[in-house]
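See below for the structure under consideration.
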Amino acid sequence: MVNQEIARIFNEIADLLEIKGDNPFRIRAYRRAAQNIDGLPKDVAHLSEKELIEIPGIGQDLAGKIERYISTGKIEGYEDLKKEVPEGLAVLLTVPGLGPKTAQLLSSKLHIKDIAELEALAREHRLSGLPGIKDKTEENILKGIEMIKRGKERLPLGRVLPVANELLSLLREKAPLQGLALAGSLRRWKETIKDIDILATSGEPEKAMNAFVHLPMVKDVLMKGPTKSSVLITEGIQVDLRVVERESFGAALAYFTGSKEHNIRLREMAVKAGLKINEYGIFRESDNKRLGGEKEEDVYRLLGLPYIPPELREDRGEIEAALKGTLPRLLEIEDIMGDLHVHTKRSDGSHSLDELIKAARDRGYKYIAVTDHTKGLGIARGLNEEKILEEIEEIKAVNKKLRGFRLLTGAEVDIRSDYTLDLPDEVLKQLDFVAASVHSGFRQSREQITKRLVSAIRNPFVSVIAHPTGRLIGERDAYEVDLEGVFREAKDAGKAIEINAYPLRLDINDVYAKKAKEMGIPIAISTDTHVLNQFDFMEYGVSIGRRGWLEKSDVINTMGTENLLKWLKKARSAGGHRRS
DNA sequence: GCCGTTTTCGGCCCGACTGTTTTCAGTCG
């Protein structure tokens with residue numbers, strides 16, 4: 001999509017304007033526009049000017065710039081701006097702690113053009129002596145460069161959350177802190193995380209901060225104050241701890257949870273209502289009287305809004321919905337009745353049916369679908385026709401003995417590069433549940449891969465498309481695919497789309513989940529469990545669903561067993577008509 | 001550059017920490 005390209009250019013324009021010292025609100029406008037275009041599930045190339053202006057943060061001017069970029073490939077002013085700012089200078093802004101003012105200074109005095117030069121000069125202590133720069137600043141610049149070299153700025157949620165929870169329990173044990181809570185993008189369940197934000201109250205903040213910066217995994221202390229400290233831990237993750245008074249805890253939690261854009265919107269509303277919101281509370285502007293802040297709900301209540309769950313706080317329309325009273329009633333983990341993507345040791349899973357049944361029942365589930373890989377996936381010991389039929393027989397036998405729980409016969413069939421499935425219809429039609437997914441040929445063209453998914457959807461026996469984009473967060477990009485086109489087909493054929501809850505997948509993501517909901521496509525949230533404790537991944541999937549504004553009724557595995565089986569049957573007959 | 005049931009012009013969120021500073025600018029979130 002051209003969206004990401006435009007977002008990149010708008011962000012670069014913001015960088016360049018920042019170095020020039022331009023109007024900060026203009027800079028903010030470019031960044032906001034970039035963010036909203038980036039997160040848009042529609043290709044801006046296909047939008048009219050009127051539709052562009054409906055995107056928050058896009059006005060007459062930027063809409064025109066986008067339109068002309070689509071037709072001419074150029075964004076006016078951008079080239080001129082690049083000429084005004086020395087080549088490569090914007091790159092310096094990627095060094096943490098180094099902002100536009102310092103970049104400008106380094107460029108004008110020392111003509112530094114890239115990070116390599118900056119590093120060399122800092123090592124030779126040639127930066128010291130510039131106005132406002134001494135040894136310590138030099139040291140911090142080198143530290144910042146080290147952080148860049150260490151690589152990835154954002155880590156997958158699934159890698160960070162376990163570390164964060166471990167940190168919490170350690171802090172509970174070692175520091176005089178109360179009410180410890182995760183905040184920031186972790187609390188919003190964003191799919192990648194830049195740092196771990198922790199909020200707490202304490203009667204002895206100084207002592208608590210000391211305990212924090214001396215935790216065993218702390219590698220470096222970035223800053224340390226009485227109410228806020230930041231450290232770098234061994235995994236290379238930054239951890240911020242903020243300590244506030246109890247009466248401010250709710251306001252601080254709202255502030256520290258973000259997103260920044262959501263908070264800005266709230267604070268703007270507050271100003272208009274004669275209020276002031278900061279991390280200490282909600283105050284009346286006229287006499288600074290505290291109106292609330294102990295509970296997070298206070299913030300929303302005093303603005304006349306219903307409580308907005310953290311997963312929605314991205315300034316993607318949740319404030320408008322709250323004002324109109326149309327916030328979704330979000331899906332809860334307790335709504336999930338079963339898992340529709342589970343592997344056994346017959347293919348590449350690790351457990352028997354009995355072990356899986358017990359684990360699922362322990363979670364209160366009513367059913368699981370057994371979806372072993374099929375023969376196309378040799379590497380995962382995929383099952384051939386004979387073995388699948390064998391498994392069906394075994395499941396039928398097990399089901400006869402079960403009370404209040406049901407195994408669905410199923411498979412995760414491979415969608416081959418030649419647009420066919422790797423099991424014949426005669427076998428598929430004997431299964432309760434068929435997930436179809438792509439495991440190879442990722443480099444095919446957008447048209448080819450889209451056609452593969454569409455062909456699978458048009459097979460009457462397919463129930464759901466699993467991990468529809470094939471991405472592995474931080475490891476492998478999604479293949480090129482027209483998901484919107486795939487969604488339209490799924491809508492016509494009455495099929496579901498999966499949110500794969502495996503933490504490195506989270507596929508489809510929140511933005512497309514919202515899109516699917518808007519298009520009326522049923523969603524299955526499934527864990528792709530290979531080992532028992534991976535059933536716990538459901539929490540990640542539900543959170544992606546919540547970030548996508550999903551309600552219980554949008555998700556098929558919130559249905560009871562009978563209703564689900566009915567739905568599956570209907571998906572078959574609906575799909576059958578579309579057979580091509 | 002965006003945006004408006006108080007505005008089509010004049011606003012635009014708010015505070016902590018650091019380093020280099022005699023009172024604050026820069027950066028970050």
Side-chain angles (χ1 to χ4, degrees), chain A residues 10 13-14 17-19 21-36 52-66 76-77 92-106 127-141 143-144 147 183-185 194-197 199 205 209 221-231 238-244 248 251-252 254-283 285 299 303-304 315 320 323:
Chain A
F10 280 0
I13 290 176
L17 291 172
E18 220 170 8
I19 291 169
D22 207 298
N23 176 359
F25 300 106
R26 189 172 171 225
I27 294 163
R28 202 178 102 190
Y30 272 102
R31 292 210 193 281
R32 179 159 188 243
Q35 200 206 339
N36 286 323
L52 286 172
I53 288 176
E54 279 169 16
I55 302 170
I58 307 287
Q60 201 80 47
D61 184 85
L62 290 183
K65 281 197 165 83
I66 293 170
E76 63 240 45
L92 299 186
L93 297 184
T94 60
V95 178
L98 200 164
K101 292 290 190 295
T102 313
Q104 174 63 255
L105 178 76
L106 292 171
L127 307 183
S128 283
L130 291 176
I133 295 185
K134 285 190 162 177
D135 291 3
K136 196 73 190 175
T137 304
E138 237 168 20
E139 227 173 83
N140 284 339
I141 286 175
K143 252 190 202 176
M147 285 178 79
S185 49
K194 196 158 143 260
D195 46 33
I196 297 173
D197 296 313
L199 179 68
M209 286 303 181
V221 179
L222 302 175
M223 67 162 78
K224 178 167 173 281
T227 69
K228 182 179 172 183
S229 297
S230 293
V231 300
Q238 183 177 327
V239 184
D240 299 340
L241 174 65
R242 184 75 192 261
V243 174
V244 297
S248 299
Y255 154 75
F256 219 24
T257 297
S259 67
K260 190 176 165 186
E261 292 73 22
H262 177 87
N263 285 345
I264 288 176
R265 293 290 306 279
L266 292 186
R267 289 174 181 197
E268 282 170 358
M269 284 179 69
V271 169
K272 283 175 190 156
L275 304 170
K276 185 175 80 169
I277 298 175
N278 57 28
E279 57 262 57
Y280 300 111
I282 305 96
F283 303 89
E285 186 64 48
V299 177
L303 290 174
D315 191 20
E320 290 75 7
L323 282 167

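Throughout, a chain's letter reflects where its sequence line sits, starting with A, and its residues are numbered from 1.
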**Report entry** Results of side chain to side chain contact (heavy atoms under 4.5 Å, CB included) for A:Gln104 - residues two or more places apart only
**Finding:** A:Ile19, A:Ser108

Requested in this report: When you get a sec, tell me which of B:dT20, B:dG1, B:dT27 is the closest nucleotide to the side chain of A:Leu62?
Outcome: B:dG1

What's touching nucleotides 12-16 of chain B from the protein side, N or O pairs under 3.5 Å?
from	atom 1	to	atom 2	distance (Å)
B:dC13	OP1	A:Arg28	NH1	2.9
B:dC13	OP2	A:Arg28	NH1	2.8
B:dC13	OP2	A:Arg28	NH2	3.1
B:dC13	OP2	A:Glu268	OE2	2.8
B:dC13	O2	A:Arg267	NH1	2.7
B:dC14	O4'	A:Arg267	NH1	2.9
B:dG15	OP1	A:Lys276	NZ	3.4
B:dG15	OP1	A:Asn278	ND2	3.1
B:dA16	OP1	A:Tyr280	OH	2.5
B:dA16	O3'	A:Thr227	OG1	3.3

**Report entry** A:Phe10: partners by ring pair (Phe, Tyr, Trp, His ring centres under 6.0 Å), with sequence neighbours left out
**Finding:** A:Tyr30

Query raised in the report: Would you call A:Glu261 and A:Arg31 a salt bridge, taking side-chain N to carboxylate O under 4.0 Å as the test?
Result: no

Requested in this report: Describe the nucleic acid contact of A:Leu266 in one word from base, sugar-phosphate, nothing, applying a heavy-atom distance below 4.0 Å.
Outcome: nothing

Query - Set of side chain to side chain contact (heavy atoms under 4.5 Å, CB included) partners for A:Arg267, sequence neighbours left out - result: A:Tyr255, A:Ile277, A:Glu279

Requested in this report: Write down the partner of B:dT8 under the Watson-Crick or G-U wobble criteria, each distance required to be under 3.5 Å.
Outcome: none

Query raised in the report: side-chain hydrogen bond (donor to acceptor under 3.5 Å, both in side chains) with A:Asp197: which residues, sequence neighbours excluded?
Result: none

Requested in this report: Select base, sugar-phosphate, or nothing to describe what A:Pro100 touches, counting heavy atoms under 4.0 Å on all strands.
Outcome: sugar-phosphate

Requested in this report: In whole angstrom, give the distance that lies between atom CD1 of A:Ile133 and atom P of B:dT20.
Outcome: 9 Å

Requested in this report: Give one of base, sugar-phosphate or nothing for A:Ser230, where a contact means two heavy atoms less than 4.0 Å apart.
Outcome: nothing

Contact list (N/O, under 3.5 angstrom) for nucleotides 3-6 of chain B vs protein:
from	atom 1	to	atom 2	distance (Å)
B:dC3	OP1	A:Gly57	N	2.9

Report task. If the glycosidic angle is within 90 degrees of 0 it's syn, otherwise anti, so just tell me which one B:dT21 is. Result -> anti

